[in-house]
Amino acid sequence: MNKDQKQEAIELLKSKFSQYSNFYITNTESLTVAQVNDLRKVCFDKQVEMKVAKNTLIRKALESLDSEKYAGVYDSLHGVTALMFSDSPKEPALIISAFRKANGKLEKPVLKAAFVADEVFVGDNQLKALTNIKTKNELIGEVIGLLQSPAKRVIAALLEKGKKEEAGVEAPAAE
């Protein structure tokens, strides 16, 4: 790779880091070509971009954007590195978990680090926590549900009271 190609790769990575607020750093070493292709297909189907890049280029791209903001992920840049970019904070974690299960409890890909909404999660042991993160839409749905719940109870109580009053008024009139 010559200097121009490296600079082009850094610019591409910078645009991806700027475009997505969530990215995962994974280790796909020891996966077969067929397994990597399957993983890429699943990522594509779920609107997750997967890129393989050299660690030094990833680090340079992150440092040129905001070296302090991304400082927590630098120690994870070693070995074979695949990046997963997503608008959803948990979709890559779900993909990794499902991929492992589908491939006979495979231990790869390994989560090295994840940058989710300005928070850094380091280590494969964080994968379960990342799969449980609620998306913005899920949180909004929960809040709306909580807000609607008391109103629904009040309406139900009023309707029930109305039915009882109608039944009480109609019974004497029939005599």
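Scope of the values below: all heavy atoms of this structure, side chains included, with no hydrogens, waters or symmetry mates.
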Indicate yes or no: at least one non-hydrogen side-chain atom of L106 is less than 4.5 angstrom from one of L31. yes

Donor-acceptor check, side chain of R59 to backbone of L77, threshold 3.5 angstrom: yes or no? no

Kindly write out the residues that satisfy salt bridge (charged side-chain N to carboxylate O under 4.0 Å, His left out) with E119, not counting sequence neighbours, or none if the list is empty. none

Give me the one residue out of I95, I96, L39, V110 that meets side chain to side chain contact (heavy atoms under 4.5 Å, CB included) with T26. I96

Looking at L83, L12, D66, which one forms a side chain to side chain contact (heavy atoms under 4.5 Å, CB included) with F17? L83

Can you establish whether the number of heavy atoms outside Q5 located under 6.0 Å from its atom CD is more than 12? yes

Measure across Y24 and K90 and return the closest heavy-atom pair with its distance rounded to 0.1 Å. OH-CA, 3.9 Å

What's the separation between atom OG in S15 and atom CD1 in I10, rounded to the nearest 0.5 Å? 12.5 Å

Are any side-chain N or O atoms of Q35 and backbone N or O atoms of T32, one a donor and one an acceptor, separated by less than 3.5 Å? yes

Would you please test V122 and D75 for side chain to side chain contact (heavy atoms under 4.5 Å, CB included) and show each step? CA-CA 9 Å; V122 179; D75 291 339; over 6 Å; no

Nearest atoms (heavy-atom pairs only) where L127 meets R100: CD2-NH1, 3.6 Å

From E8 CD over to N2 CG, what is the distance, rounded to the nearest 0.5 angstrom? 9.5 Å

Mind checking the CD1-NE2 spacing from I25 to H78? Nearest 0.5 Å is all I need. 9.5 Å

Is it possible for you to say whether V116 and L13 belong to one hydrophobic cluster, with membership spreading through side-chain heavy-atom contacts below 4.5 Å? no

Kindly assign one of parallel, tilted or perpendicular to the pair F23 and F115, based on the angle between their ring planes and the thresholds 30° and 60°. parallel

Closest non-hydrogen contact found for S88 with P92 is O-CD, 3.7 Å

Working to the nearest 0.5 angstrom, can you tell me the gap between E68 CD and E63 CD? 11.5 Å

Beyond-backbone contact of P89 with L130, side-chain heavy atoms, under 4.5 angstrom: no

I want to check something: taking the side chain as every heavy atom from C-beta on, are M84 and C43 in contact at a cut-off of under 4.5 Å? yes

L111 and A114 have their tightest heavy-atom pair at CD1-CB, 4.3 Å

What I'd like to find out is whether the side chain of N132 reaches to under 4.5 Å of the side chain of K128, using heavy atoms alone. yes

Looking only at heavy atoms, the pair that brings T28 and A82 closest together is CG2-CB, 3.8 Å

Which residue pairs pass the salt bridge (Lys or Arg N to Asp or Glu O under 4.0 Å) test when at least one of the two sits in residues 25-44, sequence neighbours left out? K41-D45

Treat each ILVMFWY residue as a node, draw an edge where side-chain heavy atoms are under 4.5 Å apart, and state whether V42 and L94 are in one component. no

What I want to check is whether the side chains of S86 and N22 have a donor and an acceptor closer together than 3.5 Å. no

Assess the side chains of T81 and K112: does a donor N or O sit below 3.5 Å from an acceptor N or O? yes

Got more than 12 heavy atoms from elsewhere within 6.0 Å of NZ, K46? no

Heavy atoms, side chains only, cut-off 4.5 Å: are K14 and S64 in contact? yes

Closest heavy-atom pair, N55 versus G79, reported as atoms and distance to 0.1 Å, is ND2-O, 2.8 Å

Passing option when Y70 is tested against V120, I58, D118, L65 for side chain to side chain contact (heavy atoms under 4.5 Å, CB included): L65

Would you mind reporting whether F85 and M50 have side-chain heavy atoms less than 4.5 Å apart? no

Could you check whether Y20 and E49, counting side-chain N and O atoms only, form a donor-acceptor pair closer than 3.5 Å? yes

